[in-house]
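So the structure is just underneath, and the comments pick up after that.
Quick caveat, the model's predicted, so the values are computed rather than measured.
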Amino acid sequence: MAIVHSSPQTQTFIHSFMLPSSCRYLQPTTHMSFSLRTPSTSLTTKCQQINHSPSLEPKTTKSEEDGIPMEDIKILVKFKSRYNYIRVLEVSRKADHPFRGSRLLLLDGPGNIHSISFLLKTLTGTYFDVFATLPPILPPGPLGILGFGAGSTARILLELYPDAVVHGWELDPSVIEVAREFFNLGKLERENKDRLFIYAGNALNASLKDGFSGIMVDLFSKGSLIPELQDPTTWKKMKNCLRKGGRIMVNVGGSCVESENKYRDGKVVMEETLKAMKAVFGKKLFVLSLGNGKDDSSLALTGDLPQLDAWKKVIRKGSLRYYVDMWKPYSG
């Protein structure tokens with residue numbers, strides 16, 4: 001695998017990135033955009049970002065175009081694999097931004113962020129945290145992550161739920177290797193030999209003999225949800241991989257996701273995906289929306305909606321309980 005490490009020459013690559021207003025941190029009443037200053041193309045996440053910590057708010061007032069200064073970003077690696085344009089960025093701990101001290105994994109031309117990790121904290125302030133609310137409402141059994149990336153979801157699940165067993169599928173072997181080198185995935189595997197299993201291959205072929213108790217779906221390619229997710233047949237197959245009482249939680253993206261294909265509008269693809277899911281799950285489909293208008297992004301959940309107060313009580317991390325009240329029946 002040819003990996004180009006950061007150097008004075010590769011540092012100039014950062015000038016081609018921007019973090020636009022399509023990727024936001026949200027609080028109950030406010031949000032802020034972030035961007036790299038004076039760039040030419042965009043860098044965005046696959047979902048709205050959620051920030052409940054006042055300590056992560058900017059210390060000074062910034063305009064919509066302000067964001068992470070280029071001097072606070074370091075490129076650790078960039079190369080093209082068979083499937084992706086892989087880049088790993090490191091944000092300085094001194095940066096005046098909620099992503100300070102993090103590493104970011106980018107896999108497509110537009111620069112959508114596919115994974116994020118922090119050295120000193122578990123939760124990310126992003127949609128990965130929403131996935132962490134799923135295990136308490138599942139029957140006993142293994143969890144599946146379809147679209148493993150650098151392991152952001154797995155890391156949270158393994159730390160918050162000591163009994164969790166996670167099986168993750170990632171199409172690109174190079175992504176797994178990058179995750180082991182730059183996102184401490186190798187250490188996570190060594191510390192959880194009996195709880196974490198990673199497979200390089202097509203996530204749509206994922207299966208376990210006795211089924212999954214829950215499946216988390218985060219399948220994007222070239223800046224868009226993969227086309228198979230707009231086909232009800234895919235969801236029928238996935239539903240059959242669940243144990244009795246099992247559920248699926250899906251990052252369905254939205255307008256904040258920027259595709260390499262201008263005809264794959266994030267909002268339209270999200271709606272097509274939800275309609276395909278509804279054809280299989282009917283009224284047992286719920287949506288959690290983050291943001292609104294041009295910045296919307298959503299997750300979907302299958303099954304009967306649990307009693308909300310009971311759900312909150314079994315979520316171990318108090319800050320995650322906020323998400324429970326955000327689920328609404330899908331009305332499309």
Side-chain angles (χ1 to χ4, degrees), residues 19 23 25 43-53 56 76-77 84 86-91 97-108 111-135 143-161 164-172 174-189 191-192 195-200 203 206 214-221 223 225 249-253 256-257 288 290 297 299 317 319-320 323:
L19 294 162
C23 175
Y25 285 79
L43 171 66
T44 183
T45 64
K46 297 179 294 172
C47 184
Q48 300 290 353
Q49 313 308 313
I50 304 297
N51 172 26
H52 301 296
S53 173
L56 292 183
L76 302 182
V77 61
N84 296 293
I86 298 175
R87 290 91 85 206
V88 177
L89 308 184
E90 185 172 76
V91 183
H97 190 273
F99 276 0
R100 62 176 174 267
S102 71
R103 286 187 176 180
L104 311 174
L105 174 67
L106 284 61
L107 296 180
D108 50 48
N112 294 287
I113 299 172
H114 288 251
S115 292
I116 179 172
S117 71
F118 292 86
L119 181 63
L120 302 176
K121 64 178 183 177
T122 302
L123 298 183
T124 65
T126 73
Y127 71 92
F128 297 112
D129 298 353
V130 184
F131 282 137
T133 66
L134 182 61
L143 305 171
I145 299 176
L146 310 188
F148 190 82
S152 296
T153 299
R155 190 178 310 278
I156 299 171
L157 296 175
L158 291 169
E159 180 162 337
L160 296 186
Y161 303 101
V165 176
V166 176
H167 295 257
W169 276 261
E170 171 57 49
L171 180 64
D172 192 341
S174 296
V175 169
I176 298 174
E177 291 306 311
V178 165
R180 285 171 176 153
E181 181 171 356
F182 295 98
F183 291 85
N184 287 322
L185 179 59
K187 179 181 179 182
L188 193 68
E189 290 176 295
E191 293 175 346
N192 298 277
R195 301 177 59 211
L196 178 60
F197 305 91
I198 303 172
Y199 312 92
I215 299 174
M216 283 146 276
V217 181
D218 196 10
L219 293 172
F220 287 73
S221 178
L225 282 166
M249 187 178 285
V250 189
N251 174 17
V252 293
C256 72
V257 181
L288 183 155
L290 306 172
S297 184
L299 289 91
K317 198 78 170 178
S319 60
L320 296 178
Y323 299 108

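Atom OG of Ser117 and atom CG of Leu185 lie 10.5 Å apart (nearest 0.5 Å). The line from CD1 of Ile145 to CZ of Phe131 is 8.5 Å long, rounded to the nearest 0.5 Å. Remark: Thr124 OG1 to Arg155 CZ distance equals 11.0 Å, nearest 0.5 Å. For the atom pair CG of Asp129 and CD1 of Ile156, the computed distance is 4.5 Å after rounding to the nearest 0.5 Å. Taken to the nearest 0.5 Å, the CZ atom of Arg103 stands 13.0 Å off from the CZ atom of Phe118. Between atom CE of residue Met249 and atom CG of residue Leu299 there is a gap of 7.0 Å, rounded to the nearest 0.5 Å.
Of all non-hydrogen atoms in Ala150 and Ser115, the two that sit nearest each other are N-OG, 2.8 Å. Contact record, Cys256 with Asn112: O-OD1, 4.5 Å, taken as the closest heavy-atom pair. When all heavy atoms of Leu157 and Ala132 are compared, the pair lying nearest together is CD2-CA, 3.9 Å. Nearest approach of Asn251 to Leu225, heavy atoms of both residues: O-CD2, 3.4 Å. In terms of heavy atoms, Val257 sits closest to Gly223 at CG1-O, 3.2 Å. Nearest heavy-atom pair across Gly149 and Leu105 is C-CD2, 4.4 Å.
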**OP:** Might you work through the side chain to side chain contact (heavy atoms under 4.5 Å, CB included) test for Phe183 and Leu188, ending with a clear yes or no?
**Re:** CA-CA 9 Å; Phe183 291 85; Leu188 193 68; over 6 Å; no
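Inter-residue side-chain proximity for Leu107 and Asp172 is flagged as unmet; no heavy-atom pair is nearer than 4.5 Å. You'll find the side chain of Val77 reaches within 4.5 Å of the side chain of Phe182, heavy atoms only. Two residues are said to be in side-chain contact when any heavy atoms from C-beta on lie closer than 4.5 Å; Ile113 and Thr126 fail this criterion. Side-chain contact between Trp169 and Leu219 is absent, with no heavy atoms from C-beta onward closer than 4.5 Å. For the pair Val175/Phe148, no side-chain contact is recorded, criterion being any heavy-atom separation below 4.5 Å from C-beta on. Within the 4.5 Å cutoff, the side chain of Tyr127 has no heavy atoms near those of the Leu288 side chain. Residues Thr153 and Val166 are not in side-chain contact: their nearest non-hydrogen atoms beyond the backbone lie 4.5 Å or more apart. Side-chain atoms of Asn84 and Ser174, non-hydrogen and from C-beta on, never get closer than 4.5 Å to each other.
For Arg87 (side chain) and Asp108 (main-chain N/O), a donor-acceptor pair under 3.5 Å exists by modelled atom type.
Partners of Arg195 by side chain to side chain contact (heavy atoms under 4.5 Å, CB included), not counting sequence neighbours, listed by chain and number: Leu158, Ala164, Asn192.
Each of Val250, Val130, Leu134 was checked for a side-chain contact (heavy atoms from CB on, under 4.5 Å) with Met216, and the lone residue meeting it is Leu134.
Using a 30° and 60° split on the angle between ring planes, Phe99 and His97 fall in the perpendicular class, above 60°. Under the 30°/60° scheme for interplanar angles, the aromatic rings of Tyr199 and His167 are found to lie parallel.
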